[in-house]
Amino acid sequence: MLKLIQTEFLKLHRRKFILLMLLAALLMPFLAIFYFSGFREAGVDTIQFYKWTAFSYTPWVILPVVLGVFSTMLMYDEHQNDMLKQLWIIPISKAEYFFGKFIIVLSYSICFMLLTAGLSVIFGMLPGYITFEWSSFCYLLKKCMEIAILTAFAVMPLLAVAAAGKSYIFPVCVTLVYTFLGFILLMVNMYLHPLSSMSAIVMGDIPGVVLAQTLNIPAALICITIWCAGSVALAIFALGKRK
């Protein structure tokens, strides 16, 4: 299993576009420069600045879309080149293969959110909007790690869809629908969709955030767990049909 994960990391060096996708972490910190320009004289609260740069559209939309496309790219080349046949000969179990891919998605999610945290501090301090405070910085890192880990689990169905098919367009389309459905259900019922449940857990203790429903962390975790279990079952079943 460890050798499989190491091999997966080595294969990422050949995919330059995967590194370019990390630039999406620049989007919200960059937009924050313009958004908070009118608040300079009144003063900018550090947590409110971080809420805009790292806790708003990044976990709701940007990171899930990036991870969905990333998951598709991880699976697409191997499906197209029939590399799975070689892996089954080694042999590698279907579960090991799927969870190996998931570890890569989780690692990429963590890198993305750590980059987001660093850029949030830099883009806040350079224009003079905020000053560096250890307490707020530690809070930022804590929330970013929560977002990274929970979002990786919340997008496991997208990884399963990518594992189940050989096309590129269909998983990307599913990614867009899945992401925006989670965003919409956040306002309807937070415990029906993994991304909605993830957002509820993350946003529940952020100052100034009002949830549409009472926060129920066990219900949110159960929702994510059920979707993840179904994703694993779908992926293993679909991979088992690949001979």
Side-chain angles (χ1 to χ4, degrees), residues 19-70 106 108-155 175-176 178-188 190 193-215 217 220:
L19 296 177
L20 290 177
M21 286 197 302
L22 290 175
L23 294 178
L26 278 166
L27 181 59
M28 294 309 296
F30 179 74
L31 292 178
I33 293 179
F34 302 98
Y35 179 79
F36 286 96
S37 60
F39 300 90
R40 184 191 296 270
E41 295 182 1
V44 178
D45 181 73
T46 303
I47 298 299
Q48 291 299 316
F49 185 85
Y50 292 155
K51 185 171 75 171
W52 173 267
T53 59
F55 308 150
S56 57
Y57 291 101
T58 298
W60 291 346
V61 179
I62 298 175
L63 181 59
V65 170
V66 168
L67 293 182
V69 174
F70 179 70
L106 175 62
Y108 191 82
S109 181
I110 292 173
C111 290
F112 188 95
M113 288 310 301
L114 288 178
L115 181 60
T116 298
L119 291 172
S120 298
V121 175
I122 293 172
F123 278 67
M125 293 181 62
L126 287 181
Y129 293 154
I130 63 174
T131 56
F132 183 83
E133 300 172 355
W134 273 110
S135 59
S136 58
F137 178 68
C138 290
Y139 178 78
L140 172 66
L141 283 181
K142 171 179 172 290
K143 300 305 292 185
C144 283
M145 289 302 296
E146 286 181 10
I147 292 169
I149 295 172
L150 289 174
T151 305
F153 280 95
V155 300
T175 294
L176 297 177
Y178 182 84
T179 299
F180 285 101
L181 182 61
F183 182 76
I184 293 171
L185 288 178
L186 181 62
M187 311 300 173
V188 180
M190 299 184 297
H193 195 287
L195 289 177
S196 302
S197 297
M198 176 277 300
S199 298
I201 296 173
V202 171
M203 304 298 166
D205 62 345
I206 295 178
V209 174
V210 179
L211 299 176
Q213 295 174 260
T214 302
L215 177 62
I217 293 181

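This is a predicted model, so every value here is computed, not measured.
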Original post:
From Leu114 CG over to Leu119 CG, what is the distance, rounded to the nearest 0.5 angstrom?
Top reply: 11.0 Å

**OP:** Find the distance between SG (Cys144) and CD1 (Ile149) and round it off to the nearest 0.5 Å.
**Re:** 11.5 Å

Original post:
Do Phe70 and Ser109 have side chains that get closer than 4.5 Å, going by heavy atoms?
Top reply: no

**OP:** Would you please name every residue forming a side-chain hydrogen bond (donor to acceptor under 3.5 Å, both in side chains) with Thr116, sequence neighbours left out?
**Re:** none

Original post:
Looking at OG1 of Thr151 and CG of Leu63, how far apart are the two atoms once the value is rounded to the nearest 0.5 Å?
Top reply: 4.5 Å

**OP:** With sequence neighbours excluded, tell me which residues meet side chain to side chain contact (heavy atoms under 4.5 Å, CB included) with Thr175.
**Re:** Leu158, Thr179

**OP:** Tell me, please, which residues at least two apart from Phe49 pass ring-ring contact (aromatic ring centres under 6.0 Å, His included).
**Re:** Phe36

Subject >> Nearest non-hydrogen partners of Thr46 and Thr131, listed with the distance >> reply: OG1-O, 4.2 Å

Original post:
Partners of Tyr139 by ring-ring contact (aromatic ring centres under 6.0 Å, His included), sequence neighbours excluded?
Top reply: none

**OP:** Give the minimum heavy-atom separation between Pro59 and Met203, together with the two atoms involved.
**Re:** CG-CE, 3.6 Å

Compile the donor-acceptor pairs under 3.5 Å between side chains in residues 23-34 and protein atoms, sequence neighbours left out, one pair per line.
none

Subject >> Partners passing salt bridge (charged side-chain N to carboxylate O under 4.0 Å, His left out) against Lys143 (at least two apart in sequence or in another chain) >> reply: Glu146, Asp205

Which side-chain N or O atoms in residues 195-202 pair as donor and acceptor under 3.5 Å with protein atoms at least two apart or in another chain?
unit_1 : atom_1 : unit_2 : atom_2 : d
Ser196 : OG     : Gly182 : O      : 2.6
Ser196 : OG     : Leu186 : N      : 3.3
Ser197 : OG     : Met190 : O      : 2.8
Ser197 : OG     : His193 : O      : 3.2
Ser199 : OG     : Trp60  : NE1    : 3.4
Ser199 : OG     : Leu195 : O      : 2.9

**OP:** Find the distance between OG (Ser136) and CG (Leu140) and round it off to the nearest 0.5 Å.
**Re:** 8.0 Å

**OP:** Return the set of residues passing ring-ring contact (aromatic ring centres under 6.0 Å, His included) with Phe153 (not counting sequence neighbours), or none when no residue passes.
**Re:** Phe102

**OP:** Could I get the full list of side chain to side chain contact (heavy atoms under 4.5 Å, CB included) partners for Ile217, not counting sequence neighbours?
**Re:** Leu215, Leu221

**OP:** Using the test side chain to side chain contact (heavy atoms under 4.5 Å, CB included), find all partners of Gln48 that sit at least two apart in sequence or belong to another chain.
**Re:** Asp45, Lys51

Original post:
How long is the span from the CG atom in Leu141 to the CZ atom in Phe137, to the nearest 0.5 Å?
Top reply: 4.0 Å

Original post:
Quick one: side chain to side chain contact (heavy atoms under 4.5 Å, CB included) partners of Met125, sequence neighbours excluded?
Top reply: Val121, Ile130, Phe132

**OP:** Can you measure from CD1 (Ile62) to CE (Met21) and round to the nearest 0.5 angstrom?
**Re:** 13.5 Å

**OP:** Return the set of residues passing side-chain hydrogen bond (donor to acceptor under 3.5 Å, both in side chains) with Thr53 (not counting sequence neighbours), or none when no residue passes.
**Re:** Ser120

